[in-house]
Amino acid sequence: MSNSHNHSQNSSRAGAMRLPVTKLPFVGERSDGRFGYWVLPEQAEEADPRIAGRTYAAWFLLFEEYNGQAAADDLMDRIEREMPSRYPSVDRAFLRELTSRQSRSSSAA
């Protein structure tokens with residue numbers, strides 16, 4: 001029974017499961033009413049921008065895992081075109097976290 005459960009998990013993961021871009025917390029409607037790929041929600045004054053940036057980076061990495069490198073590259077191109085946001089410290093934390101992850105995975109290879 002356990003083997004069939006694991007097999008169904010693996011096959012569904014390798015199948016057509018996708019994380020829609022609209023589910024990402026930084027994608028949505030901009031203040032001008034247009035759709036945007038780097039639309040940050042209101043940040044509390046006392047909020048640590050590093051936490052928000054790392055959280056958005058984690059979401060981005062989930063998107064990459066589910067949708068593949070090509071989709072992630074396309075999304076990053078769109079995000080970079082919309083930067084800087086009204087929270088540049090969150091932008092920097094987001095990019096720093098992704099760069100840090102890439103360099104760690106490159107050195108492990």
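Numbers here simply count residues along the sequence, with the first being 1.
- Using a 4.5 Å heavy-atom threshold, the side chains of L40 and W38 count as touching.
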I'd like a table of donor-acceptor pairs (distance under 3.5 Å, sequence neighbours excluded) in which one partner is a side-chain atom from residues 49-56, with atom names and distances.
unit_1	atom_1	unit_2	atom_2	d
R50	NE	D48	OD1	3.1
R50	NE	D48	OD2	3.3
R50	NH2	D48	OD2	2.7
R54	NE	E97	OE1	3.2
T55	OG1	I51	O	2.7
Y56	OH	Q43	NE2	3.4

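- Applying the side-chain hydrogen bond (donor to acceptor under 3.5 Å, both in side chains) criterion to R30, with sequence neighbours excluded, gives D32.
- Considering only heavy atoms from C-beta on, V39 stays 4.5 Å or farther from V27 through its side chain.
- With sequence neighbours left out, the side chain to side chain contact (heavy atoms under 4.5 Å, CB included) criterion links E29 to no other residue.
- Here the side chains of R18 and K23 are not in contact, with every heavy-atom distance at 4.5 Å or above.
- Between R78 and D74 there is a salt bridge, with a side-chain nitrogen of the basic residue lying less than 4.0 Å from a carboxylate oxygen of the acidic one.
- Interatomic distance, T99 OG1 to L95 CG, rounded to the nearest 0.5 Å: 6.0 Å.
- We find that E64 and R101 are not joined by a salt bridge, their nearest charged nitrogen and carboxylate oxygen being 4.0 Å or further apart.
- Atom CZ in R96 sits 9.0 Å away from atom OG in S89 (nearest 0.5 Å).
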Might you work through the side chain to side chain contact (heavy atoms under 4.5 Å, CB included) test for F26 and E82, ending with a clear yes or no?
-> CA-CA 11 Å; F26 48 81; E82 294 188 15; over 6 Å; no
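- Remark: S100 pairs with R104 by the side-chain hydrogen bond (donor to acceptor under 3.5 Å, both in side chains) rule, at least two apart or across chains.
- A distance-only check finds no donor-acceptor pair linking the side chain of D91 to the backbone of P84 [under 3.5 Å].
- In this structure, the side chains of L98 and L61 come closer than 4.5 Å at one or more pairs of heavy atoms.
- Taking CG of L62 as the start and CG of L24 as the end, the distance is 9.0 Å to the nearest 0.5 Å.
- Considering only residues two or more places apart in sequence or on other chains, Y37 meets the ring-ring contact (aromatic ring centres under 6.0 Å, His included) condition with F35.
- Scanning for side chain to side chain contact (heavy atoms under 4.5 Å, CB included) contacts around A71 gives F63, N67, with sequence neighbours left out.
- Closest approach of F60 to A72, counting heavy atoms only: CZ-O, 3.4 Å.
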